[in-house]
J.: 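Following this message is one structure expressed as structure tokens.
As the structure is a prediction and not an experimental result, all values here were calculated from the model. Read the numbers this way: they start at 1 and go in the same order the structure lists the ligands and their atoms.
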Amino acid sequence: MRVDVISLFPEFLAQSAALGVVGRAQERGLLELHGWNPRDYAEGNYRRVDDRPFGGGPGMVMLIEPLRAALAAARAADPQPAPLIYLSPQGRPLSQAKVRELAALPRMILLCGRYEGVDERFIASEVDEEISIGDYVLSGGELGAAVIIDAVTRLQEGALNDAESAVQDSFEGDGLLDCPHYSHPASHALGNVPEVLRSGNHAAIARWRRQQSLLRTALRRPDLLDEAGLGKADRKLLAEAVAGLEI
Ligand SMILES: Nc1nonc1C(=O)N[C@@H]1CC[C@H](O)C1
């Protein structure tokens with residue numbers, strides 16, 4: 001998959017993408033990352049990329065022309081068509097379903113805003129989709145781009161090893177929250193590892209983990225539980241866990 005990122009700080013993405021799963025995916029040729037800095041296309045002595053908003057008010061707005069030139073350069077670099085996705089709080093919330101949709105694309109171009117954002121005429125004319133990574137305000141869209149690149153890369157064939165795939169599957173597979181995890185030591189001043197996990201009884205362990213996922217989702221994210229469409233066995237397992245809660 002090719003990802004082009006339009007950003008005033010392309011080095012931010014390069015550094016964050018050089019690590020871990022994403023770094024390894026680049027080494028394996030599963031991900032190709034290219035940065036495009038509007039400042040490289042800005043005219044004039046000051047190479048302006050932003051200016052004051054019409055109508056007054058705080059902050060600055062990213063100008064149309066440097067963005068258009070950076071986008072044109074990105075599109076000219078590779079004939080493969082790609083949607084332009086703008087990271088902004090005004091976008092649709094990112095979800096795993098959207099990540100799966102994006103991961104199936106051969107290419108996408110991510111636009112990272114800074115300051116108050118981007119001139120609305122550029123958004124209306126060139127942006128295919130706005131995506132938000134959450135209802136809060138960041139200093140730039142680069143963190144959103146890094147989140148999308150990470151989540152999408154994990155779904156590229158060959159990006160994850162077996163252990164990492166298990167983590168991916170445990171959350172993504174059924175839309176429930178993950179169960180608790182424990183490792184050594186079995187006994188500790190902070191508490192002991194649940195006996196079932198040390199029993200060697202794989203059926204009991206799987207049942208316990210499923211029950212913990214169901215209970216955790218019910219307590220922390222009931223909205224996800226509604227979407228999960230539980231079957232009879234899961235509903236029974238959850239009822240048993242709820243009955244056992246000391247309230
Ligand atoms: N939440 C978000 N999800 O994606 N991007 C954001 C976000 O806060 N962007 C900043 C808003 C002003 C500045 O332009 C960049």
J.: Go through ligand 1 atom by atom and flag the ones less than 4.0 Å from a non-hydrogen atom of Gly117.
T.: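 Counting atoms of ligand 1 from 1, those under 4.0 Å from Gly117 are 14 (O).
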J.: Is the closest N or O pair between Val137 and ligand 1 shorter than 3.5 Å?
T.: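 In fact, backbone or side chain, Val137 has no N or O that close.
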J.: Within a distance under 4.0 Å of any heavy atom of Gly141, pick out the atoms of ligand 1 and give their elements.
T.: 15 (C)
J.: Would you check the N or O atoms of Arg114, main chain and side chain alike, for any that come under 3.5 Å of an N or O of ligand 1?
T.: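 Yes, there is a polar N/O contact under 3.5 Å.
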J.: May I ask you to say whether Asp4 pairs ionically with Arg2, meaning some side-chain N is under 4.0 Å from a carboxylate O?
T.: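 Arg2 and Asp4: salt-bridged.
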J.: Quick one: does Gly113 get within less than 4.0 Å of ligand 1, heavy atoms only?
T.: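 Yes, Gly113 has heavy atoms under 4.0 Å from ligand 1.
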J.: Between the candidates Pro89, Gly134, Gly144, which shows the shortest non-hydrogen contact distance to atom 6 (C) of ligand 1?
T.: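 Minimum heavy-atom distance to atom 6 (C) of ligand 1 goes to Pro89.
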J.: Please indicate whether any nitrogen or oxygen in Tyr115 is less than 3.5 Å from any nitrogen or oxygen in ligand 1.
T.: yes
J.: Walk me through whether Val3 and His34 qualify under side chain to side chain contact (heavy atoms under 4.5 Å, CB included).
T.: CA-CA 6 Å; Val3 181; His34 296 266; over 6 Å; no
J.: Under 4.0 Å from ligand 1, counting heavy atoms only, is it the side chain of Ser88, its backbone, both or neither?
T.: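 The answer is the backbone of Ser88.
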J.: Would you say that more than 12 heavy atoms from the other residues, nucleotides or ligands in this model lie under 6.0 Å from the CZ of Arg68, or not?
T.: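 No - once you tally the heavy atoms of other residues, nucleotides and ligands closer than 6.0 Å, there are 12 at most.
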J.: Among all protein non-hydrogen atoms, which one is nearest to atom 8 (O) of ligand 1, and what is the separation to 0.1 Å?
T.: Leu138 N, 2.8 Å
J.: Does an N or O anywhere in Gly140 fall below 3.5 Å from an N or O of ligand 1?
T.: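 Such a contact does not occur with ligand 1.
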J.: Among all the protein's non-hydrogen atoms, which is closest to atom 3 (N) of ligand 1, and how far away is it?
T.: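 I find the closest protein heavy atom is Ile133 N, 3.0 Å.
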J.: Under a 3.5 Å threshold, yes or no: a donor from one side chain and an acceptor from the other, between Glu240 and Gln211?
T.: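 Side chains of Glu240 and Gln211: pair found under 3.5 Å.
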J.: Count the heavy atoms belonging to other residues, nucleotides or ligands that lie under 6.0 Å from CZ of Arg52, then report whether that count exceeds 12.
T.: no
J.: For the pair Leu31 and Ile149, evaluate side chain to side chain contact (heavy atoms under 4.5 Å, CB included) and give the outcome as yes or no after the intermediate values.
T.: CA-CA 9 Å; Leu31 171 74; Ile149 290 168; 4.1 Å; yes
J.: I need the atoms of ligand 1 closer than 4.0 Å to a non-hydrogen atom of Tyr136, numbered in the order shown.
T.: 1 (N), 8 (O)
J.: Would Ser139 count as being in polar contact with ligand 1, using the rule that some N or O on each side must be under 3.5 angstrom apart?
T.: no
J.: When you group the ILVMFWY residues by side-chain heavy-atom contacts below 4.5 Å and let the links chain together, are Val21 and Leu13 in the same group?
T.: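 No; Val21 is not reachable from Leu13 via cluster members.
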J.: Taking only heavy atoms of Leu87, which atoms of ligand 1 are found under 4.0 Å from at least one of them?
T.: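 Listed by number with element: 4 (O), 5 (N).
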J.: Going by an N to O cut-off under 4.0 Å, is there a salt bridge joining Arg210 and Asp174?
T.: yes
J.: Counting only heavy atoms not in Asp135, do more than 12 sit closer than 6.0 Å to its CG atom?
T.: no
